[in-house]
Amino acid sequence: MSTLINATPTVYGINQEKQEYNWDDDVEEPLDKDEIFQLIRNINDPEHPLSLEQLNVAQKDLIQIDGNRILINFTPTIPHCSMATLIGLSIRVQLLRSIPSKYKVDIKVTEGTHQSENAVNKQLNDKERVAAALENSHLLQVVNQCLSTTIDK
Amino acid sequence: MDDQASVADILNGILALLESQKVTKTEQLAIPSRIFNELNVQNYPQAVRNTVFKIFNYLMANNLEGVKKLGSEFVIGFVHIMDGEKDPRNLVLSFELARLIVLNLDYQKHAQELFEVVFCYFPITFRPPPDDPHGVTAEQLKELLRNVIASTPVFSKYSIPVLIEKLDSSSASAKRDAMDTISACLPVYGGASFLEHLQKIWEILKKTMADGAEEATELAALKCILQLSKSMGTAIVFSKDNKNLLERFLDIVISDCIRYLGDEELKYAKPCGKILLSAASASNTASEIVLKNTFETLTNNFNKETAPAKKKIILDVIVDLLLSSKLTNGTKMLHDPSDVDMLTKTAATPYKEASIELLISSMVSESYVPIKKRIIEAIYILLSSKGLLEINEVELLLSHLNALAIDKDQEISLEALKYLEKLSEEQPSTIKASSLPFFQDKFNQEISLDSVKACLNALAVVSKVDLIFPQFLQWLLDTILNSTKANTVNSVLVFTAKQVILARQTFEASGNEKLIELQGDFLKNWINSKKAIALLLEEEGNLKNFEVFASIIIRSLNEESQNSLVKTYYESLDTVSLPATTALQCYLYKILITNLRRSVIPYPDDIGSFLESFTQYSLQHNDSFFVQYAAATISSIVNKAEQPVALQYIGYFEKLFQSLSSSSVQVQQSFFIFYGWIAKALVVKLDPKGIEMATVLLDFLNDESVGQFASDSLQTIVHDDEEGVLTKRSFAITRKFFNHCLPLLIAKFHAAQPSTKKYHLLALSHLLCNISNSSLITELPKLFPMLIQSLSLDEPKLKLATLTTFNLMAKETPSLLAQQIDTMVSSLLKMADFNNLAQGNNAYVRVEALRILGLFPGKIEFSILSPFKITIINELGKFLNDPKRVVRKEAANTRGKWFLLVGPKV
């Protein structure tokens, strides 16, 4: 069995507040960072049966929206986490699937929280590299696995 | 017994003889030795061995004194017989026998043999085969075996080393079993027996906790720690350093925990907190020692730490320590105003001032909600600890808790209210003196609707108990009678009245005479006050809320009080003669007759002519509000009246109804309102006339001018009233009605002209909304064409009702949908599109359509769905742009599901 990169991560509480929705068709609701957070909070960590929210990898305050540009920072649990790219890729795919294509999304490691920050950022924000990664059926399967926990939440 | 073939029958014979009590006690005692000497029991099949154990069991139960005399002969004989036993049924019997031997016989000489023959089964790995007819479970065996091992301290020298070895097992189940067994042995063996292994056991338990084992294992480990702490506390062995066993054990535990808690990453802080709580909960002394050694360090850590998530983890441990003190001293209960809490020296006493200060100052300085919630819990723990707080301290903490209960942040207010409610049950007199006036004052001062609501809600929550309820109800009534507040506030008052009375009803099942009387007076005073009555019409919903609690109250009253209530009602009327002057009084009349005992119902002397003139009056009255209530009133009377009265009235109404075609549209509508209510009264009492009337109604659906009214009328019949109005109808009635109407409706739909199909579909949706799913499922195939057609109409309500049915189909009968997958996919996609808003696709419809599309991937075969995958994913992409967030969420979810639909692995 391969050893885990971070065998005993710190687990944080999750926000169990029930979402309340406005159903009035006359009131338009623009996309906000809470909505983005709801989309990614339940993504599963590749190593543990824990969500990105539980691991504090994704946080609402690390999301910024400016017009059609969205910046998402995420924080790996440890600075040498080799799963960082995979986590970023999962966030990338989840947003490709669940927000309109008019938004331009940047996904970056929170500054100073990873040894190979630049390499990871580059990988995640290069369209071709992302597309190439998703051609790999094994990798896609792993990403789908991480995203399966976001369904029906 | 030499004859092997007949041994089974012989033993059965012996057992039967024993059970028929034909064998003398002396003769009985010959049986075991003969079996020991002449039978090699383990060579025989299971049934024979089973009989042997049963015989022994019988003897132990009925001739214990005799067996005692056999002494160690019996013990060693039993050991031989049991040796090698594998059948679970026999093991159940023999474990029990072994326990009885230990308890009753002189086994000392053979203690080791006895232990070994039993312990060799540990840990139990038995797994019953599927459909096991014998019903022996692994848990049962584990527990019986555990009872034997823990039956005597004599076993300790054999068992402890092996148990510790198993404790370190890599199998979670074996580990758990070992921990449970140690927990069971500790009180029997005594703490001293475990002394030399203490460090080793602790290391293993600590590791188990730190590794994040599954919950059951963790619980077993914690229980083991608790038992260790308990048993060490009762052991009276001192060691060289003059520390007793408890101190020595806790020293080890605390020093490790403190070290982990000091770790910057706080990785093991959570398990440490749980461990300390378990160790400290064992006794007051344990709690004292733990608090003495950890409290200060922890509070320092807490104050130094800046990251909220980490602060919360430290706080959790502090709160657990306070909890351990409460657990060892008990919960404070003050039920009577004269009850006093005597101060005692609890483990938390030396730290209470520091705790209070820490909690109150952090409540102000911290903004992280999970911390605040934990503080609230800690305040409750202090308040409910017996013998801990001085009166002024109680007041201080309560004042904070009260304020938190109406905090703007709902998460916080809910948490505070939860604990105030607990306190109201444990110490009602304290809450009555503190929280009640606090919320009442706040209510009077507050202006914003939200704050007013919060105060009333808080009052309702803490006022459920006997000691507080009367005072609160009185206040509520006074407030309503003298209210100068806005209509919206008054409507919250009415709502609160409903909440508390409903809550009382569930809070106390049996009737409390005093309280019932109190509620009766409450209702009387309400009816008597013109102002309170008028208030019912101020806001929508007031009347419904009033009806709910009035109905509860009326039904709880005895005959005498009901009579007096009726009297009050009449006195409140301007004129005693009915038809009542206003719709409202008419409605009050309905509430009364629906809920009063038959003998009390105040029918007018000539009820027949009353009903007729009332009907005529109502039909002429073109006020739809009034007509609705009048019809509901008539319905209640018809439902409760004697059969001849009802029949005569229905005859009258049917005659009147014939003038329908010559009436104005408004009167026609009133006619149908009455029609629906009258039919309803009959349907709920299973009168065949009710179904007959409904059948006639179905014909009117095909009439363009009144089709809409007829379908509304049908809705009145099938719609279940809210609690307290008409008795909830039984499943059978609904089912019967549905079975009668549905086929008719389908036939009429197909025969209907195009312009009236809509009314049939509306009627269908009313039926669908009010029928249980299980009844519906069998009818779905027949309904399918109609349902598809419903989706093409621009009525949101109709669409939604239909979609709800499709949702059910997708879950229960997906194959039906699969047959029409083309149609389904295209119409669902159309409905999910916000550009088609004008076609009745409101947000509810769009969400429901998307949700059903999302059900397909889990329910319908991949081969059927895969041709649609690309189209659906592309189409759903557009809906991610929906102006409503709730729709976007559903679209994203459904799209995610279709992306994850990849078919079987090849």
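In this text, all values refer to a predicted model and were calculated from it rather than measured experimentally. These numbers come from the heavy atoms of this one structure, side chains and all, not from hydrogens, waters or symmetry mates. Below, chain A is the first sequence line, B the second, and so on; all start at residue 1.
When heavy atoms are compared at a cutoff of 4.5 Å, D34(A) approaches chain B by way of both its backbone and its side chain. Heavy-atom distances place the side chain of K102(A), and not its backbone, under 4.5 Å from chain B. At a 4.5 Å heavy-atom cutoff, S101(A) makes no contact with chain B through either its backbone or its side chain. Of the atoms belonging to I151(A), heavy atoms from both backbone and side chain fall under 4.5 Å from chain B. Heavy atoms closer than 4.5 Å to chain B are found in the backbone of L96(A), but not in its side chain. With a 4.5 angstrom heavy-atom cutoff, V27(A) touches chain B via backbone and side-chain atoms both. Heavy atoms of N22(A) lying under 4.5 Å from chain B belong to its backbone as well as its side chain. For V847(B), the part lying near chain A is the side chain, with the backbone staying farther off; criterion is any non-hydrogen pair under 4.5 Å. Neither the backbone nor the side chain of L876(B) has a heavy atom closer than 4.5 Å to any heavy atom of chain A. Using a 4.5 Å cut-off between heavy atoms, Q145(A) makes no contact with chain B at all. When heavy atoms are compared at a cutoff of 4.5 Å, L39(A) approaches chain B solely by way of its side chain, counted from C-beta outward.
Interatomic distance, N73(A) CG to L62(A) CG, rounded to the nearest 0.5 Å: 6.0 Å.
Screening K418(B), K373(B), K372(B) for a salt bridge (Lys or Arg N to Asp or Glu O under 4.0 Å) with E411(B), the sole residue that qualifies is K373(B). Of the options R374(B), K274(B), K270(B), a salt bridge (Lys or Arg N to Asp or Glu O under 4.0 Å) to D320(B) is made by R374(B) and by none of the others. Checking T804(B), D794(B), N841(B) one by one against K799(B), the side-chain hydrogen bond (donor to acceptor under 3.5 Å, both in side chains) holds for a single residue, N841(B).
Ranked by non-hydrogen atom pairs under 4.5 Å with chain B, the options K153(A), E28(A), Q94(A), E35(A) are led by E35(A). Comparing P883(B), A892(B), G877(B) by how many heavy-atom pairs each has under 4.5 Å with chain A, the most go to P883(B). Residue with the most contacts toward chain A among K312(B), R846(B), Q410(B): R846(B) (heavy-atom pairs, distance under 4.5 Å). Chain A forms the most heavy-atom pairs under 4.5 Å with one residue out of R895(B), K310(B), R888(B), and that residue is R888(B).
Between W23(A) and Y844(B), the ring planes are parallel. Angles under 30° get that label, and only those over 60° would be called perpendicular.
For K122(A), the NZ atom sits in a loose shell: 12 or fewer heavy atoms of surrounding residues, nucleotides or ligands are nearer than 6.0 Å.
A salt bridge is defined here as a Lys NZ or Arg NE, NH1 or NH2 lying under 4.0 Å from an Asp or Glu carboxylate O, and K207(B) with D211(B) meets this definition.
N807(B) places no side-chain N or O within donor-acceptor distance of the main-chain N or O of L803(B), the cut-off being under 3.5 Å.
Taking the side chain as every heavy atom from C-beta outward, Y268(B) and M209(B) never approach each other to under 4.5 Å.
Cation-pi geometry between K108(A) and F74(A) is not satisfied (NZ or CZ under 6.0 Å from the ring centre, within 45° of the ring normal).
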